[in-house]
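Right, one structure below, let's go through it.
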Amino acid sequence: MQIYDEECQQVGRAERRIDVGATAIDKGGYRHFMAKEIAQQPSVIADVLNHYVKGDRIVLPDGLDFREVDRLSLVGCGTAHYAGHVAKYWFEALAGLPCDIDVASEFRYREPPLSPQSWFIAISQSGETADTLAALHYARDHVSRTVGLVNVGTSAIARDSDIALPTLAGIEVSVASSKAFTCQLTVLAILALKAAHDRGRIGDAELAGHLAELRAVPGLLQQTLDLSDHCRALSEWLSQAQDVLYLGRGALFPVAMEGALKLKELSYIHAEGYASGELKHGPIALIDRDVPVIVLAPYDHLFEKTISNMQEVMARHGQILLLSDHEGIAAANDGVYATLTMPGGGNLFQPILYAIPMQYLAYHTAVAKGTDVDQPRNLAKSVTVE
Ligand code: G6P
């Protein structure tokens, strides 16, 4: 390979060996890469925590003092965009830091006015997505710091950001993202906690409490993996559907959208993720007994609101799959088609846990339909064109 610059002059580049272990490129006994990558999540998330959290301290590169920033812009595409959307809830609620979230293809041409004290965070598994890279190039002329949250450390977005933060998911082969998403969420959760602490919204003790909650996530994820068989059983039902609706509130709303995206990508069934409170402004017209409605409702301060939306669906004969914890299921399982019991209740990092059944429902439905799970039609792992 020869490399040329803009003037067609040949340039030299140092050779760098990238160590790809054999385990990264075999299915490790699983039927598909996606199944392997879903199952790896407890261990890769533990890796992320080990990398960025030492005891009760968050360890990040210099230059990430959140006292200096007045606003964040988070940008990504597809699954990475939904990770940013979850993080918006965390940054705003924990750190009181205003946060904008956008898809890169819109951001790059919108000429958004950006505060010179703001930071821009590009989120990308590959670090090569053309729209996200272009958004980063726009932002770097307008903001005080650019951060690239990337899984591929040698990528263009990692190189062109002021600060690159690796998401440490390891190589993700399956086109539909799974472990890269939850690793992005974990790094973003750590950033949001750092922001909250830097800005004096939480003290040392509260930070330690939240970090303890985060450290519990790999163990809880391990329990969540046990839902695979139950999701497989439900896939017979889902694979008959033409449309599926996913509902969530708060930080679970973007997870609902990610669930719908996964189902579309893998099984080619039309699916939409909606904010539960928006149901009555349109999607309720779709409801009949043939449209499964998947409701994400941890037993927290928003539970009653989401359940009341769920009851509106049931009153129209919609068939509900309710995902909640023990308390939530005990309080609201009357008349639902099925339930999936999630671990824990009310903790801040539920979006990471709820991602797993989203992945398994899509995965098993795709297997039931016989689609190509790791290489869905018309999709690419990394989209380097517009
Ligand atoms: C493609 C992939 C998606 C991914 C998106 C963004 O559409 O199929 O799985 O979420 O690109 O990719 P990135 O590498 O920027 O995260």
Subject >> Verdict with supporting geometry, His230 and Tyr360, ring-ring contact (aromatic ring centres under 6.0 Å, His included) >> reply: CA-CA 9 Å; His230 199 157; Tyr360 272 139; over 10 Å; no
**OP:** Test Phe107 against Phe120 for ring-ring contact (aromatic ring centres under 6.0 Å, His included), laying out the working first.
**Re:** CA-CA 11 Å; Phe107 181 94; Phe120 175 89; 5.3 Å; yes
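Rounded to the nearest 0.5 angstrom, Leu188 CG and Leu72 CG are separated by 10.0 Å. Taken to the nearest 0.5 Å, the CG atom of Asp141 stands 10.0 Å off from the OG1 atom of Thr146. How far CG of Asp131 is from OG1 of Thr384: 10.5 Å, rounded to the nearest 0.5 Å. In this structure, the separation between OG1 on Thr339 and CG on Asp325 is 11.5 Å, given to the nearest 0.5 Å. With values rounded to the nearest 0.5 angstrom, Asp288 atom CG is found 10.0 Å from His317 atom NE2. From Ile329, atom CD1 reaches atom CG of Leu340 across 7.5 Å, with rounding to the nearest 0.5 Å.
The minimum heavy-atom distance between Leu266 and Ala366, with the atom names listed, is O-CB, 3.4 Å. Between Ser324 and Ala297, the closest heavy-atom pair is OG-O, 2.6 Å. Of all non-hydrogen atoms in Arg71 and Leu97, the two that sit nearest each other are N-CD1, 4.0 Å. Met314 and Asp334 get closest at one heavy-atom pair: CE-O, 3.1 Å. The shortest heavy-atom contact between Ser155 and Ser126 is CB-O, 3.2 Å. In terms of heavy-atom proximity, Leu252 sits nearest to Leu296 at CD1-CD2, 3.8 Å.
In this structure, the side chains of Glu206 and His197 stay at 4.5 Å or more apart for every pair of heavy atoms. In this structure, Leu220 and Phe349 have side chains that are not in contact, with every pair of non-hydrogen atoms separated by 4.5 Å or more. A heavy-atom distance below 4.5 Å is found between the side chains of Leu49 and Ile190. Here the side chains of Leu64 and Asp198 are not in contact, with every heavy-atom distance at 4.5 Å or above. The side-chain heavy atoms of Val217 and Thr186, taken from C-beta on, include no pair separated by under 4.5 Å.
When each of Gln40, Gln359, Gln41 is checked for a side chain to side chain donor-acceptor pair (under 3.5 Å) with Thr182, only Gln41 meets the rule. Screening Val152, Val44, Leu149 for a side chain to side chain contact (heavy atoms under 4.5 Å, CB included) with Thr167, the sole residue that qualifies is Leu149.
Relative ring orientation between Tyr337 and Trp237 is described as parallel, the plane-to-plane angle staying below 30° on a 0-90° scale split at 30° and 60°. Aromatic ring pairs are classed by plane angle as parallel below 30°, tilted from 30° to 60° and perpendicular above 60°; the pair Tyr89 and His85 is parallel.
Using a 4.0 Å cut-off between a side-chain N of Lys or Arg and a carboxylate O of Asp or Glu, Lys381 and Glu172 qualify as a salt bridge. We find that Arg31 and Asp374 are not joined by a salt bridge, their nearest charged nitrogen and carboxylate oxygen being 4.0 Å or further apart.
Looking at Ser228 and His364, their side chains do bring a donor and an acceptor atom within 3.5 Å of each other. Using modelled atom types, one finds a donor on one side chain and an acceptor on the other under 3.5 Å when comparing Glu258 with Thr79. A donor-acceptor pair shorter than 3.5 Å can be found between the side chains of Ser115 and Asp70.
No side-chain donor-acceptor contact under 3.5 Å links Lys262 to the backbone of Ser267. The backbone N or O of Ala195 sits nowhere less than 3.5 Å from a side-chain atom of Arg201 that would complete a donor-acceptor pair. With hydrogens and angles disregarded, no donor-acceptor distance shorter than 3.5 Å links the side chain of Ser239 to the backbone of Thr365. The backbone N or O of Ser276 lies less than 3.5 Å from no partner atom in the side chain of Arg249, so there is not a single donor-acceptor pair.
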